[in-house]
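Being a predicted model, the structure only gives us computed values, none of them experimental. Residue indices begin at 1 and follow the sequence shown.
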Amino acid sequence: MKFDRKDLPVGTPVVGMVGGGQLARMTQETAVALGIQLRVLAEGPAVSAAQAVADAPVGDYKDLETVRRFAAECDVVTFDHEHVPTEILHTLEADGLKVHPGPDALVHAQDKAVMRARLDTFDAPSPAHQVVVTPAEVEDFAKRVGGFPIILKTTRGGYDGKGVWFVDGPDDEDIATAFASGVPILAEEKVDFVRELSAIVARSPHGQAVAYPIVESVQKNGICVEVTAPAPGLAPERAAQAQQTALRIAGELGVVGVLAVEMFEARDGRLLVNELAMRPHNTGHWSIDGAVTSQFENHLRAVLDLPLGSPAARAPYTVMVNVLGGDVEDMHRGLLHCMARDPGLKVHFYGKSVKPGRKIGHVTAYGDDLEETRERARHAAAYLTGTIDE
């Protein structure tokens, strides 16, 4: 069915989201509740969001005219991912279209070297880093930071552990692999960290901003597997420091929408910025069921310049566990057991076929007791994937 704005109720805002993944799919629930017309530029007719969003034309987000046609029928354009070429977004702005976050902000989530250089200008806490172009420069950088091991990253395109190499010495074959990627390489110190944290904030065009509770995230093989809100044992002043850092970054970069700032809590006491994402983020999925206003709702509110909602948690603890693909193809067969065992459990599937390691969905539990809440969420995720059978 072709989209026709005349068929919508008077005043209905139209938000276009480029990318048809699970983030766009989860945004649709909020859009429906608020009476917002969500349009999705999808990669294919059966991708995650296209199953849930009625208006999901298929097109290439790297093609200017495709994105231009899509955006022309929207009040504002936002993103399910950061991969739309920056020059396309500048063209949309030149056409007079609203793009949130804009290209001048989004480039800091697209290019890690640009991000590091910009964060340095206002002393945002970061690991030691340097763009390197030869193996000799890799060795020189390692000497500067106290020796190997160090980390090499592609400046563009890496995600969920891809495009990241842990280099143990000057003869490590991953150095050649990194340079063979054809993308500029960023070298960073390997931070000795206690855990990984995430600070999620939302910011509107006129500068209103809210900060969610700081969460602890657990990564395995470069993929987030578990999030606990709030981060257990994090001193209030440290939590405030992390929130203030994220809010400052959002303001300095001119972010509109949700910004996720992934951080290391280093063993030496530093809180260091690791990555930025300018969209709803995996570490914020807990907020759908665990916060007064989910990250998806606040993202839509922000890009439409509506007043932002409270990010406060609804319960003392919320634990979100990702459901990753394994050997069991029929995940729905586990719902009967999980729901009967735990009526307070929330399950979110993304409409994806099962592949090993793929994010198929997530489960969320909340409650007063941290360990009990963790057990409930972990049990459900394990049962759905077939890791346990009781």
Side-chain angles (χ1 to χ4, degrees), residues 107-199 214-226 231 233-235 237-238 241-242 245-246 248-249 252 260-277 282-283 357:
V107 69
H108 299 93
Q110 295 173 321
D111 191 308
K112 295 179 181 65
V114 172
M115 173 195 73
R116 289 294 183 214
R118 182 70 175 90
L119 294 184
D120 286 347
T121 65
F122 54 93
D123 297 324
S126 301
H129 55 272
Q130 178 186 323
V131 174
V132 291
V133 296
T134 66
E137 288 188 354
V138 173
E139 189 169 358
D140 288 343
F141 173 78
K143 291 176 182 176
R144 181 164 70 84
V145 298
F148 291 97
I150 62 167
I151 296 173
L152 298 182
K153 297 179 177 181
T154 55
T155 53
R156 284 182 175 259
Y159 186 70
D160 277 352
K162 299 178 178 66
V164 179
W165 298 271
F166 295 86
V167 176
D168 292 323
D171 298 323
D172 193 315
E173 62 185 20
D174 280 342
I175 296 176
T177 302
F179 284 120
S181 68
V183 178
I185 298 299
L186 181 71
E188 293 186 350
E189 69 168 302
K190 187 176 186 298
V191 177
D192 181 17
F193 61 89
V194 177
R195 57 179 169 175
E196 295 186 62
L197 304 173
S198 180
I214 302 301
V215 302
E216 174 186 290
S217 66
V218 178
Q219 316 284 323
K220 289 185 179 178
N221 299 320
I223 299 175
C224 176
V225 296
E226 182 175 301
L234 185 65
E237 60 273 16
R238 298 282 278 169
Q241 178 188 351
T245 295
R248 186 180 180 197
I249 291 171
E252 291 279 356
V261 181
E262 296 181 87
M263 300 180 178
F264 295 125
E265 183 180 13
R267 204 169 300 279
D268 61 13
R270 294 177 295 167
L271 281 180
L272 301 173
V273 176
N274 181 28
E275 305 275 2
L276 302 181
N282 197 171
T283 59

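Distance alone, capped at 3.5 Å, places no donor-acceptor pair between the Glu252 side chain and the Arg248 backbone. Judged purely by atom type and a 3.5 angstrom limit, Glu265 has no side-chain atom pairing as donor or acceptor with the backbone of Val194. In terms of modelled atom types and a separation under 3.5 Å, the side chain of Gln219 and the main chain of Cys224 share a donor-acceptor contact.
Nearest heavy atom pair, residue Ile185 against residue Ala178, reads CD1-O, 3.4 Å. When all heavy atoms are compared, the tightest approach of Val133 to Phe179 is C-CE2, 3.5 Å. Nearest heavy atom pair, residue Ala199 against residue Ala246, reads CB-CB, 3.7 Å. Here the closest non-hydrogen pair linking Glu139 and Phe148 is CA-CZ, 4.2 Å.
One finds the CD1 atom of Ile214 at 9.5 Å from the OG1 atom of Thr283 (value rounded to the nearest 0.5 Å). From Thr154, atom OG1 reaches atom NZ of Lys112 across 5.0 Å, with rounding to the nearest 0.5 Å. Here Leu276 contributes atom CG and Met115 contributes atom CE; the two are 5.0 Å apart, rounded to the nearest 0.5 Å. Note that CG of Asp111 is 4.5 Å distant from CZ of Arg156, once rounded to the nearest 0.5 Å.
The environment of Glu173 atom CD is sparse: at most 12 non-hydrogen atoms of other residues, nucleotides or ligands sit within 6.0 angstrom.
Exactly one of Val261, Val215, Leu271 qualifies for a side-chain contact (heavy atoms from CB on, under 4.5 Å) with Leu197. That residue is Leu271. Each of Asp168, Val167, Asp172 was evaluated against Pro149; a single residue qualifies, Asp168, per the side-chain contact (heavy atoms from CB on, under 4.5 Å) test.
For Glu188 and Arg116, the salt-bridge test passes: some basic side-chain N is under 4.0 Å from an acidic carboxylate O.
Two residues are said to be in side-chain contact when any heavy atoms from C-beta on lie closer than 4.5 Å; Met263 and Gln241 fail this criterion. Inter-residue side-chain proximity for Ile249 and Phe122 is flagged as met; some heavy-atom pair is nearer than 4.5 Å. Side-chain contact check for Leu186 versus Val132: every heavy-atom pair is 4.5 Å or farther apart. With contacts defined as side-chain heavy-atom distances shorter than 4.5 Å, the pair Arg267/Phe193 does not qualify.
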Exercise for the section: Using the side chain to side chain contact (heavy atoms under 4.5 Å, CB included) rule, take Ile150 and Trp165 through it: C-alpha gap first, then chi angles, then the decisive distance, then the call. Expected result: CA-CA 9 Å; Ile150 62 167; Trp165 298 271; over 6 Å; no
Exercise for the section: Show the numbers, then the answer: is there a side chain to side chain contact (heavy atoms under 4.5 Å, CB included) between Asn274 and Leu272? Expected result: CA-CA 6 Å; Asn274 181 28; Leu272 301 173; over 6 Å; no
Problem - CA sep, side-chain torsions, deciding dist, call: Asp120, His129, side chain to side chain contact (heavy atoms under 4.5 Å, CB included) - result: CA-CA 10 Å; Asp120 286 347; His129 55 272; 2.8 Å; yes
Practice task
Please lay out, stage by stage, how Thr121 and Arg118 fare under the test side chain to side chain donor-acceptor pair (under 3.5 Å).
Solution key: CA-CA 5 Å; Thr121 65; Arg118 182 70 175 90; 2.7 Å; yes
Exercise for the section: Apply the test side chain to side chain contact (heavy atoms under 4.5 Å, CB included) to residues Leu152 and Ile175: give CA-CA distance (whole Å), side-chain angles for both, the deciding distance (0.1 Å), then the verdict. Expected result: CA-CA 8 Å; Leu152 298 182; Ile175 296 176; 4.2 Å; yes
